[in-house]
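A quick note: this is a predicted structure, and the numbers were derived from the prediction, not measured. Start at 1 with the first residue, then count along the sequence.
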Amino acid sequence: MKKLLTTVLALGISFGVSAETWKFASEEDKKDVQDIFAQSFADTIKKESDGDIRVKVYYYGQLGTENDIVELTAKGTVQFVSVGTGHLGSYVPEVQALSVPYVLGTETDVVRKVLTGSKTIYNDLADRFESVNLKLLTMISEGEMAWGANKAIRTPEDFAGQKIRTFTSTIPVETYKAFGATPTPLSWGEVYGALQLKTVDGMVNPIYFVYNAKWHEVQDYLMFPGQQPYVGTVSTNSKWFNGLSPEKQAMVHKAITVAEQAAHDYQLRINSENMDKIMSERPNMQIVTLNAEERARFKELSKSLHETYYDVVENAYDSAEKSAARKGAQKILGNLIQEVKDAS
């Protein structure tokens, strides 16, 4: 009996030493694009570690809001976080370059090439992540962002008087001001009720998410302005990652590559499937695709947001750093625009 107890205790100690759990917090819910990414990442880590490392995925609201999970990752409570660029502005103001409309465009192959291989993103911008103890691992497109409303919106004049739910960073808010709407920043869990009660009139998100969140139930029009994709970022705690063995770091990078492919394939499929579901459930839903002339008006208005972006970045720094911060922002946005052109 004594020998058996000793063996059990030894096994328990062995399991305790080998068992390792990494936390991955997502701003989205099950079956959303970031969930597919997180689950694929978790599966790869489990496989590559022979089951010695498990990744526990936390969904929207389980650890707080979008901003909360970024903070938890920066502090090291959580090891990985996926969140849209529109919610990262208070931590990495420079990342809002990717939120400026009509910079990335909506060509699938071009967007993916830039988001996964841009020197601007993974050198200049990644350095800014490091300054707040985050390490940028990858970015993913979740599909073109559509406008939802209860009227057709083809011109800036159509936005007049429309309260549009936006993300919580400055650039998304200023975008819809420039377009003529009244922006209303809300966490996504608040949006359905706000649309239902008409405290907001519309929203902006990829189609797959519109369907999953059931927002199509409380909107009558969907517009495709060719403005930009929803960009998700995946980051880890920099100090924690740098403390990993080279083998574990390589494992993380492999899992990121596998997960990016899984998320890319999924978003293409789910956006198409969910559009079909929306039309099946709401056959009277009006779909509006802005033509080149209509898009050109919004694209012209969006140029004013370049200066807004520079101001946002500059104002995030102390007096001694403002000039360098503004120049850095100009470099990031300018180079990003050039990379998109080159990729096209």
### Message
Evaluate Tyr230 against Val33 for side-chain contact (heavy atoms from CB on, under 4.5 Å), listing each step before the verdict.
### Response
CA-CA 11 Å; Tyr230 186 88; Val33 173; over 6 Å; no
### Steps toward side-chain contact (heavy atoms from CB on, under 4.5 Å) verdict (Ile278, Ile207)
CA-CA 9 Å; Ile278 287 173; Ile207 287 299; 4.0 Å; yes
### Task
Begin with the C-alpha distance, continue with both residues' side-chain angles, and end with the deciding distance and a verdict on side chain to side chain donor-acceptor pair (under 3.5 Å) for Tyr208 and Glu142.
CA-CA 8 Å; Tyr208 93 86; Glu142 300 188 31; 2.5 Å; yes
### Query
Yes or no on ring-ring contact (aromatic ring centres under 6.0 Å, His included) for Phe24 and Phe41, after CA distance, side-chain angles and deciding distance?
CA-CA 9 Å; Phe24 190 124; Phe41 179 85; 5.7 Å; yes
### Message
Between Val103 and Gln228, does the side-chain contact (heavy atoms from CB on, under 4.5 Å) criterion hold? Intermediate values first, please.
### Response
CA-CA 7 Å; Val103 168; Gln228 62 201 117; over 6 Å; no
### Query
Do Thr116 and Glu260 pass the side chain to side chain donor-acceptor pair (under 3.5 Å) test, and can you show the C-alpha distance, the side-chain angles, and the key distance before you say yes or no?
CA-CA 9 Å; Thr116 58; Glu260 187 279 331; 5.4 Å; no
### Message
With side-chain contact (heavy atoms from CB on, under 4.5 Å) as the criterion, how do Lys46 and Val55 come out once you've worked through the C-alpha distance, each side chain's angles and the decisive distance to 0.1 Å?
### Response
CA-CA 8 Å; Lys46 182 179 178 181; Val55 178; over 6 Å; no
### Task
Could you walk me through whether Asp311 and Arg326 pass the salt bridge (charged side-chain N to carboxylate O under 4.0 Å, His left out) test, one step at a time?
CA-CA 7 Å; Asp311 291 342; Arg326 189 178 189 89; 2.7 Å; yes
### Query
Can you check side chain to side chain donor-acceptor pair (under 3.5 Å) on Asp68 and Thr65, steps first, answer last?
CA-CA 5 Å; Asp68 291 333; Thr65 66; 3.1 Å; yes
### Trace of the ring-ring contact (aromatic ring centres under 6.0 Å, His included) decision for Tyr221 with Trp147
CA-CA 8 Å; Tyr221 288 78; Trp147 300 333; over 10 Å; no
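Closest approach of Thr77 to Gln79, counting heavy atoms only: O-NE2, 4.1 Å. The minimum heavy-atom distance linking Pro185 with Val173 is given by the pair CG-CG2, 3.6 Å. What you find for Gln219 and Gly148 is that their closest heavy atoms are OE1-C, 2.8 Å. A pairwise comparison of heavy atoms in Trp22 and Glu20 identifies NE1-OE2, 2.9 Å as the closest pair. Nearest approach of Ala262 to Ile36, heavy atoms of both residues: O-CG2, 3.9 Å. Smallest separation of non-hydrogen atoms from Val210 and Asn205: CG2-O, 3.9 Å.
Under 3.5 Å, the side chains of Thr155 and Glu157 contain a donor-acceptor pair of N or O atoms. Side-chain contact check for Asp265 and Gln261: at least one donor-acceptor pair (N or O, by modelled atom type) lies under 3.5 Å. With 3.5 Å as the limit, one finds a donor-acceptor pair spanning the side chains of Asp342 and Gln338.
When atom types are taken as modelled, the side chain of Glu28 and the backbone of Gln34 share a donor-acceptor pair closer than 3.5 angstrom. Judged by distance alone, the side chain of Arg165 and the main-chain N or O of Leu186 form a donor-acceptor pair under 3.5 Å. Distance alone, capped at 3.5 Å, places no donor-acceptor pair between the Ser99 side chain and the Val95 backbone. At distances below 3.5 Å, at least one donor-acceptor pair connects side-chain atoms of Tyr122 with backbone N or O atoms of Leu115. Side-chain atoms of Lys322 come within 3.5 Å of backbone N or O of Glu314 as a donor-acceptor pair. In terms of modelled atom types and a separation under 3.5 Å, the side chain of Glu27 and the main chain of Ser82 share no donor-acceptor contact. When atom types are taken as modelled, the side chain of Thr175 and the backbone of Ile171 share a donor-acceptor pair closer than 3.5 angstrom. Under the 3.5 Å distance criterion, the side-chain polar atoms of Ser272 are left unmatched by any main-chain donor or acceptor of Arg269. In this structure, the side chain of Asp32 engages the main chain of Asp29 through a donor-acceptor pair within 3.5 Å. Listed for the Asp201 side chain is no donor-acceptor partner under 3.5 Å among the backbone atoms of Ile164.
For the pair Leu290 and Val288, the minimum side-chain heavy-atom distance is below 4.5 Å. Counting heavy atoms from C-beta on, the side chains of Pro206 and Asn271 come closer than 4.5 Å. Residues His264 and Thr108 form a side-chain contact, since some pair of their non-hydrogen atoms from C-beta on lies under 4.5 Å apart. Side-chain contact between Tyr266 and Phe37 is absent, with no heavy atoms from C-beta onward closer than 4.5 Å. With a 4.5 Å cut-off on side-chain heavy atoms, Met275 and Leu222 count as touching. In this structure the side chain of Glu66 reaches within 4.5 angstrom of the side chain of Tyr60, judged on heavy atoms. Side chains of Leu98 and Met139 form a contact here, defined as non-hydrogen atoms less than 4.5 Å apart. Residues Leu72 and Val81 fail the side-chain proximity criterion, which asks for heavy atoms closer than 4.5 Å.
By the 4.0 Å N-to-carboxylate-O rule, Lys277 lies too far from Glu281 to be salt-bridged with it. For the pair Arg297 and Glu294, the salt-bridge criterion is not met [side-chain N within less than 4.0 Å of a carboxylate O].
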Using atom types as modelled, flag every donor-acceptor pair under 3.5 Å from a side chain in residues 190-197 to any protein atom, sequence neighbours excluded.
unit_1 : atom_1 : unit_2 : atom_2 : d
Glu190 : OE2    : Ser187 : N      : 3.3
Tyr192 : OH     : Glu217 : OE1    : 2.7

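In this structure Thr170 satisfies the side-chain contact (heavy atoms from CB on, under 4.5 Å) test together with Gln96, Glu174, Val312, sequence neighbours excluded.
Crowding of Lys163 atom NZ: a count of heavy atoms from other residues, nucleotides or ligands under 6.0 Å exceeding 12.
Distance CD1/Ile69 to CD/Glu71: 11.5 Å, rounded to 0.5 Å. For the atom pair CG (Asn242) and CG (Asn237), the distance works out to 9.0 Å, reported to the nearest 0.5 Å. A distance of 12.5 Å separates CZ of Phe209 from CD1 of Ile270, quoted to the nearest 0.5 Å.
Between Phe179 and Tyr176, the two ring planes are perpendicular [angle over 60°; tilted spans 30° to 60°]. Aromatic ring pairs are classed by plane angle as parallel below 30°, tilted from 30° to 60° and perpendicular above 60°; the pair Phe159 and Phe298 is perpendicular.
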